[in-house]
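Report on one structure; see the data block that follows.
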Amino acid sequence: MAAKFSPSLMCMDLLKFKEQIEFIDQHADYFHIDIMDGHFVDNISFGPEICAAVRKAVGPDRFLDAHLMIERPDHYFDRFVRAGVNLICFHVELGDSYYIRNTLGRIREAGVKNGLALNPATSFEAVEPYLAEIDLLLVMSVVPGFGGQSFMPSVLDKVEKAAEWRTENRASFLIQMDGGIGQNNAAQCALAGADVLVAGSSTFKAPDMARAIAEMK
Ligand code: DX5
Ligand code: ZN
């Protein structure tokens with residue numbers, strides 16, 4: 001199965017918000033919305049209002065994937081649920097197993113899909129205990145915080161391990177990769193086992209966005 005594309009809205013031209021949202025609606029699969037609080041990562045980006053605006057623009061059927069890079073996902077996730085996102089992903093580095101399990105469970109109870117992200121420096125073993133309880137595993141291929149960074153091929157090993165684990169354990173979570181993904185490495189990511197590829201700069205900074213997505217596919 002071909003990988004799905006989830007352009008990162010953080011890299012879009014905000015002066016062309018409506019036009020670019022409509023473009024993604026036609027050419028990509030998911031909408032990746034990066035939420036940063038200036039604490040967990042050294043940057044501040046979007047909040048629930050932008051998620052609600054995207055939901056309003058695309059209608060009820062499109063899949064909005066919110067990547068929370070914030071210190072308190074347990075405190076804030078319900079605002080994103082109310083804004084209309086379909087999936088809420090947060091980072092495994094944030095807390096102990098009680099905190100992670102409890103937050104994963106609460107996100108599902110709120111009626112949306114849950115996801116767990118891991119930074120490049122975090123080992124596969126850190127997420128392994130939760131793989132039966134998640135809908136999506138996000139393997140970061142850059143240190144989170146900013147778009148436009150270089151892809152770190154060393155993380156592909158974790159994608160392969162996650163795909164093997166999924167087969168061996170008959171699990172069904174999706175594997176997503178995020179950071180520095182473009183025409184030169186999309187196939188490599190998909191071959192390693194990634195199902196959803198986030199593509200920020202390679203989509204929105206391309207001279208011909210439709211062509212860029214077509215080439216990645
Ligand atoms: C990084 C974000 C990514 C990123 C994607 O912290 O989670 O979604 O902005 O942008 P590119 O594709 O340019 O790395
Ligand atoms: Zn992201």
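Keep in mind that the numbers below use all heavy atoms, side chains included, and drop hydrogens, waters and symmetry copies. Every number for a ligand or one of its atoms is a count from 1 in the order of the listing.
A heavy-atom distance below 4.5 Å is not found between the side chains of I100 and P129. Considering only heavy atoms from C-beta on, M216 comes within 4.5 Å of T203 through its side chain. I181 places a side-chain heavy atom less than 4.5 Å from the side chain of S141. At a threshold of 4.5 Å between non-hydrogen side-chain atoms, the residues H91 and P144 count as touching. Using a 4.5 Å cut-off on side-chain heavy atoms (C-beta onward), V127 and W165 make no contact. Two residues are said to be in side-chain contact when any heavy atoms from C-beta on lie closer than 4.5 Å; E133 and N114 fail this criterion. The shortest distance between side-chain heavy atoms of I107 and F80 does not fall below 4.5 Å. You'll find the side chain of L87 reaches within 4.5 Å of the side chain of L136, heavy atoms only.
For D178, the N/O/S atom at the shortest distance from the Zn ion (ligand 2) is named OD2. The name of the N, O or S atom in D34 nearest to the Zn ion (ligand 2) is OD1.
When only interatomic distances are considered, the shortest N/O to N/O separation between V198 and ligand 1 does not fall below 3.5 Å. For S201, a nitrogen or oxygen atom sits less than 3.5 Å from a nitrogen or oxygen atom of ligand 1, counting backbone and side chain alike. Polar contact with ligand 1: present for G180 (N/O pair, distance under 3.5 Å). Any N or O atom pair closer than 3.5 Å counts here, and G145 shares at least one such pair with ligand 1. Residue contacts with ligand 1: Q149 is placed with no nitrogen or oxygen under 3.5 Å of a nitrogen or oxygen of the ligand (distance criterion only).
Using a 4.0 Å cut-off to heavy atoms of M36, the atoms of ligand 1 that qualify are 6 (O). Near P144, the atoms of ligand 1 lying under 4.0 angstrom from a non-hydrogen atom of the residue are 6 (O). Residue H67 has at least one heavy-atom neighbour below 4.0 Å for each of these atoms of ligand 1: 7 (O). The atoms of ligand 1 that sit less than 4.0 Å from any heavy atom of H32 are 8 (O). Interface of G179 with ligand 1, defined as ligand atoms under 4.0 Å from a residue heavy atom, comprises 14 (O). Residue contact check: S8 has heavy atoms under 4.0 Å from atoms 5 (C), 8 (O), 9 (O) of ligand 1. Which parts of ligand 1 touch C11 is read off a 4.0 Å heavy-atom cut-off, strictly below it: atoms 10 (O), 13 (O). Taking every non-hydrogen atom of M69 and a distance limit under 4.0 Å, the qualifying atoms of ligand 1 come out as 6 (O), 7 (O).
Using 4.0 Å as the threshold, G148 has a heavy atom nearer than that to some atom of ligand 1. Heavy-atom separations between K205 and ligand 1 are all 4.0 Å or longer. Contact annotation: F146 has at least one heavy atom less than 4.0 Å from an atom of ligand 1.
Ion pairing of R106 with D78 is absent here, as no side-chain N (NZ or NE/NH1/NH2) approaches a carboxylate O to less than 4.0 Å.
Criterion: ILVMFWY side-chain heavy atoms under 4.5 Å apart, direct or through other members. Under it, L64 and V112 are part of a common hydrophobic cluster. No single ILVMFWY cluster, assembled from side-chain heavy atoms under 4.5 Å apart, contains both Y30 and V54.
With a 4.0 Å heavy-atom cut-off, ligand 1 is reached by no atom of S202.
Side-chain N/O atoms of D34 and H32 include a donor and acceptor closer than 3.5 Å.
Of the angles at the Zn ion (ligand 2), the one spanning ND1 of H67 and NE2 of H32 is 100° when given to 10°.
Among all non-hydrogen protein atoms, the one lying nearest atom 12 (O) of ligand 1 is G200 N, 2.8 Å. Here the heavy atom of the protein found nearest to atom 3 (C) of ligand 1 is D178 OD1, 2.9 Å. At the shortest separation from atom 9 (O) of ligand 1 among protein heavy atoms lies G147 CA, 3.5 Å.
A side chain to side chain contact (heavy atoms under 4.5 Å, CB included) with H67 holds for exactly one of I35, D178, I33; it is D178.
The side-chain tip of R166 points at the ring of F173 from less than 6.0 angstrom away and within 45° of straight on.
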